[in-house]
K.L.:
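Sharing a structure below in structure tokens format, with a few things to ask.
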Amino acid sequence: MLRTHTCGELNTGNVEQTVTICGWVDTIRDFGQGKFIDVRDRYGRTQITISPESPEEVKQAVEQFHRECVVQVVGRVKSRPAGQENKKISTGEIEIQAEQAVLLNACQNPPFLPSQVDLPNEDLRLKYRYLDLRRKEMQDTLALRSSVTKGIRDYFEHHGFVDIETPILGRSTPEGARDYLVPSRVHKGEFYALPQSPQIYKQIMMIAGYDRYVQIARCFRDEDLRADRQPEFTQLDMEMSFVDSEDVMGMVDGLIKQLAKDILGIDVELPLPRMTYDEAMTRFGHDAPDLRFGMEIVDCTDVAAKTEFRVFRGVADAGNYVRGINASGAASLFSRKRIDELTTYIQEDFGAKGLAWFKVNEEGELASPIAKNFAAQHLEEIKNKMDAQPGDLLLLIADSWDVSCKALNGLRKRMGAELKLYDEQQMHFSWVVQFPMFDHDAEAERWVAMHHPFTAPLDEDLDRLGTDPGETRAKAYDLVINGYEAGGGTIRIHDSSIQQQVFGLLGMDEEQARERFGFLLDALKYGAPPHGGIALGIDRIVMLFAGLDNIRDCITFPKTQRAADMMTEAPSPVDQEQLEELAIAISKSDS
RNA sequence: GGGGCCGUAGCUCAAUUGGUUAGAGUACCGGACUGUCGAUCCGGUGGUUGGGGGUUCGAGUCCCCUCGGCCUCGCCA
């Protein structure tokens, strides 16, 4: 070892010991006769002192020291003079009097310093990721991520799960997200697909009798990126046999409780609260509502139906909805201009036709350009329904169910953040359950699986499969943290007749189903136990646990929004020879 | 594919709204200084204003195209 101690562990207990530390030069404070050199590694920072009494070789050696170069220092640990302690760092009560100093490796003048106050732009951080990863925040986040994955592995091992790896090179399936494809050299013109999730493999493992499977699995989806979405991400993938929804959720409840305790030091009450999908959409307009604050959606369609205001009346008469939220106390904070911004936002982002609003004045009256269209009695009803108090701002959307959900969810999130209705440190865990089995694809005029085609319907909804597919609810559950979908799972169909029926509803005949999932359908015939599981998004969980607002900051080497790696410059063109070996020709695109 | 914000010194930002030689802090280089810890003080190097085209007597500023980053809708669970 080139060192006896790290830069974070020396304290007054080590005084008068001779030690050797290694690390990067963080800063040099030069006083001519003497210098203070902070040497940093991921454990901390230790001050080295050079004084007129220091050996000549040391003085000469440190002349070559510059920021971020790698050094080794041998010296004696001393208590700092009284009043010169640095209380901000763990090693602040001691310093090392240098007796030997070695430049292990020089450093070019770096584009930015890990310890600088103003962070550089993200593209520069990503290009020089090794410098960015030297930053304490990044090192702390990656350490937290390591604690999360260790906690997960310990928990599942304790509960008798077997950690099993599944292939990265798999078969493309047309369902779900766009696949990343890998050309086969041996089978020219054919492709592997990288897994969107190990979904089918884990079902196969249940059939194979591994009744408790777990894997921390890398997954790939070739879709557009967001602050909380990367093309390559990590799932905690888990599956159990002989279970129903409650068993899977209970297992995850225990995991969440343990992680929250061990990592955040907070006690989480179990079971985690559950809410049905219908309730989530009705009260919050979203299937992953942020429950750290209220501001619930209020349905005013019945009042709207009675008013003379044509916009409201028309929407109500057409069977659509007039719903709104009460941004309590926001009336004075939202000028006409800011309300216009909200209107533009819901129009451009969610296709809403408009935003109706009322400010509640001192007298408790609803004030708005549209107020004159309402009878006093109807304004009173709206006021009562929305529990409007003086100073409140009421925001209403008159539109289809779908648009009103999206727009009100958007408004609610925005208002919640702007009005600071929750503590940034707060964590809220809950379940949303009983998702619909199917979404209706209006364009294609067919049903599509909301989760995946192997999701089991609720027992009490089995009859509806045949009569009313849109009203059939699934044994599906999503874990929600602070308004993010942190994971989702289902109990799978293990009855082949129900599976056939679902395929039928999805517009797949037996032949198509065979073509796509033949191996799974075969496997299901060889003694498939009832089973179900869940996948949790580890990146998102780490992001939330670390209090970050984007997923890139908890991924070591993330991709940019255009799915590029700024450091390696992937993706890149390849040699013509490589293409020929794969029998691939690049067509000239006209775009 | 659509909408929005952004790009000026190595880095973080300014530039009186189209007007002289594009500034500051920091980093870097040199000098001064034994107790600093965002050290301080003095001096210096450093610019294709992302790139290209246009309008204009004159463009960092206005217009068009393009490259890149971020947020977002669609997409994705």
Side-chain angles (χ1 to χ4, degrees), chain A residues 26-38 40 45-54 66-68 78 80-89 91-92 95 108-128 131 175-179 196-197 199 219-231 233 235 287-288 341 344-352 403 406-407 410 413-414 432 435 439 449-452 455 476-480 484-490 534-537 540 549-550 552 559-562 564 566 569 591:
Chain A
D26 196 63
T27 51
I28 301 175
R29 294 178 291 280
D30 187 348
F31 287 78
Q33 292 292 307
K35 285 186 211 286
F36 299 99
I37 301 172
D38 287 347
R40 185 200 71 236
R45 202 154 41 105
T46 299
Q47 176 165 285
I48 309 296
T49 57
I50 310 293
S51 65
E53 294 77 41
S54 297
H66 297 278
R67 289 195 173 198
E68 295 310 310
K78 296 285 182 186
R80 294 197 190 182
Q84 297 297 331
E85 302 86 355
N86 184 349
K87 296 194 176 73
K88 290 186 222 160
I89 57 175
T91 60
E95 59 195 8
Q108 286 185 44
N109 188 23
F112 63 93
L113 292 166
S115 52
Q116 79 183 43
V117 185
D118 291 323
L119 265 186
N121 283 328
E122 196 169 355
D123 46 351
L124 202 77
R125 290 175 53 206
L126 292 175
K127 180 173 179 187
Y128 299 96
L131 297 179
E175 294 283 324
R178 193 177 295 114
D179 283 323
Q196 296 178 23
S197 82
Q199 178 61 39
C219 305
F220 307 86
R221 292 176 190 167
D222 188 2
E223 297 292 347
D224 286 351
L225 282 74
R226 287 286 187 283
D228 63 347
R229 268 167 31 194
Q230 281 273 304
F233 60 103
Q235 280 189 350
D287 61 1
E341 284 169 13
T344 310
Y345 165 58
I346 55 144
Q347 286 172 333
E348 290 184 350
D349 273 18
F350 308 111
V403 169
K406 285 179 178 173
K413 275 169 116 164
R414 203 166 150 153
V432 171
F435 280 72
D439 250 347
M450 192 133 173
H451 200 101
H452 59 65
T455 304
Y477 32 84
D478 276 7
L479 178 68
V480 178
Y484 287 88
E485 182 201 325
T490 63
I534 194 166
L536 304 183
R540 282 186 191 171
D549 59 7
N550 84 70
R552 294 182 299 279
K559 307 266 188 296
T560 65
Q561 192 157 58
R562 294 184 68 252
M566 299 293 281
E569 296 187 317
S591 53

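Because only heavy atoms are used, hydrogens play no part in the values below, and waters and symmetry mates are left out as well, while side chains stay in. The sequence lines fix the lettering, A, B, ..., with proteins before strands; numbering per chain opens at 1.
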K.L.:
Tell me whether the OP1 or OP2 atom of B:C71 has a side-chain N or O from A:Gln561 closer than 4.0 Å.
P.N.:
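Answer is yes, contact under 4.0 Å.
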
K.L.:
Just how far, in rounded Å, is C1' of B:C76 from CG of A:Asp222?
P.N.:
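These atoms are roughly 11 Å apart.
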
K.L.:
Compare the minimum distances between each of B:G1, B:G69, B:A27 and the side chain of A:Thr560, then state the nucleotide with the smallest one.
P.N.:
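The answer is B:G69.
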
K.L.:
Side-chain donor or acceptor of A:Gln84 under 3.5 Å from a matching atom on the base of B:U36?
P.N.:
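When only heavy-atom distances are counted, A:Gln84 does not reach the base of B:U36 through any donor-acceptor pair under 3.5 Å.
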
K.L.:
Does a side-chain N or O from A:Lys406 land closer than 4.0 Å to OP1 or OP2 of B:G74, or not?
P.N.:
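Answer yes for this pair, as a side-chain N or O of A:Lys406 is under 4.0 Å from OP1 or OP2.
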
K.L.:
With a 4.5 Å limit on heavy-atom distance, are the side chains of A:Arg125 and A:Leu119 in contact?
P.N.:
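In short, these two side chains touch, coming nearer than 4.5 Å.
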
K.L.:
Can you tell me if the side-chain N/O atoms of A:Ser51 get under 4.0 Å from OP1 or OP2 in B:U34?
P.N.:
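Answer is no, no contact under 4.0 Å.
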
K.L.:
Confirm from the modelled atom types if A:Glu95 and B:G35 form a donor-acceptor pair under 3.5 Å, side chain to base only.
P.N.:
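Between B:G35 and A:Glu95, which were checked side chain against base, a qualifying N/O pair under 3.5 Å is present.
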
K.L.:
Counting only distance, no hydrogens or angles, is the base of B:C75 paired donor-acceptor with the side chain of A:Arg229 under 3.5 Å?
P.N.:
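Pair found.
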
K.L.:
Does B:U55 sit syn or anti, given that only angles within 90° of 0 count as syn?
P.N.:
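Here B:U55 takes the anti form, which means its glycosidic angle is more than 90° from 0.
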
K.L.:
Just call it for A:Gly488: base, sugar-phosphate, or nothing, with non-hydrogen atoms closer than 4.0 Å on any strand.
P.N.:
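Here A:Gly488 touches no strand at all.
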
K.L.:
Tell me which nucleotide among B:A77, B:G68, B:A27 gets nearest to the side chain of A:Phe435.
P.N.:
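For the A:Phe435 side chain, the nearest candidate turns out to be B:A77.
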
K.L.:
Which nucleotide, B:C37, B:G38, B:U12, lies nearest any side-chain atom of A:Val117?
P.N.:
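The answer is B:G38, which lies nearest to the side chain.
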
K.L.:
What distance do A:Gln235 atom CD and A:Ser197 atom OG have between them, rounded to the nearest 0.5 Å?
P.N.:
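Between atom CD of A:Gln235 and atom OG of A:Ser197 there are 5.0 Å.
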
K.L.:
Which of the following nucleotides, B:C11, B:A77, B:C71, is nearest to the side chain of A:Leu124?
P.N.:
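For the A:Leu124 side chain, the nearest candidate turns out to be B:C11.
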
K.L.:
Which atom pairs, one a donor and one an acceptor, fall under 3.5 Å between side chains of residues 82-89 of chain A and the rest of the protein, sequence neighbours left out?
P.N.:
{"residue": "A:Glu85", "atom": "OE1", "partner": "A:Gly83", "partner atom": "N", "Å": "3.1"}
{"residue": "A:Asn86", "atom": "OD1", "partner": "A:Lys88", "partner atom": "N", "Å": "2.9"}

K.L.:
Classify the nucleic acid contact of A:Asn121 as base, sugar-phosphate or nothing, counting any heavy atom under 4.0 Å across all strands shown.
P.N.:
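Sugar-phosphate contact only.
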
K.L.:
B:C41 P sits how many Å from A:Phe31 CZ, rounded?
P.N.:
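Checked: the CZ to P distance equals 12 Å.
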
K.L.:
So which nucleotide from B:G10, B:G68, B:U36 ends up closest to the side chain of A:Asp123?
P.N.:
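So the side chain of A:Asp123 is nearest to B:G68.
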
K.L.:
Can you see if the side chain of A:Arg552 gets near the phosphate of B:C71 - specifically, an N or O under 4.0 Å from OP1 or OP2?
P.N.:
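Yes, A:Arg552 has a side-chain N/O under 4.0 Å of OP1/OP2 on B:C71.
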
K.L.:
Describe the nucleic acid contact of A:Gly176 in one word from base, sugar-phosphate, nothing, applying a heavy-atom distance below 4.0 Å.
P.N.:
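Sugar-phosphate contact only - A:Gly176 comes under 4.0 Å of backbone atoms but never of a base.
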
K.L.:
Would you say A:Lys35 reaches B:C33's phosphate, i.e. side-chain N/O to OP1/OP2 under 4.0 Å?
P.N.:
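The answer is no; no side-chain N or O of A:Lys35 sits under 4.0 Å from OP1 or OP2.
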
K.L.:
Tell me if the side-chain of A:Asp349 makes a donor-acceptor pair with the base of B:C73, cut-off 3.5 Å, by modelled atom types.
P.N.:
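No.
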
K.L.:
Between A:Arg552 and A:Glu122, is there a side-chain N and carboxylate O pair less than 4.0 Å apart?
P.N.:
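So A:Arg552 pairs with A:Glu122 through a salt bridge.
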
K.L.:
Would you please confirm or rule out a distance under 4.0 Å between OP1 or OP2 of B:A27 and any side-chain N or O of A:His66?
P.N.:
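No, no such contact exists.
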
K.L.:
Does any donor-acceptor pair link the side chain of A:Arg80 with the base of B:C37 at a separation under 3.5 Å?
P.N.:
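Indeed there is one.
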
K.L.:
Heavy atoms only, 4.0 Å cut-off, all strands: where does A:Arg226 land among base, sugar-phosphate and nothing?
P.N.:
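The residue A:Arg226 makes base contact.
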
K.L.:
Just to confirm, is there a sub-4.0 Å distance from OP1 or OP2 of B:G68 to any side-chain nitrogen or oxygen of A:Arg562?
P.N.:
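A:Arg562 to B:G68 OP1/OP2: side-chain N or O found under 4.0 Å.
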
K.L.:
Ignoring the backbone of A:Asp224, work out which of B:G10, B:C75, B:A77 is nearest its side chain.
P.N.:
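It is B:C75.
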
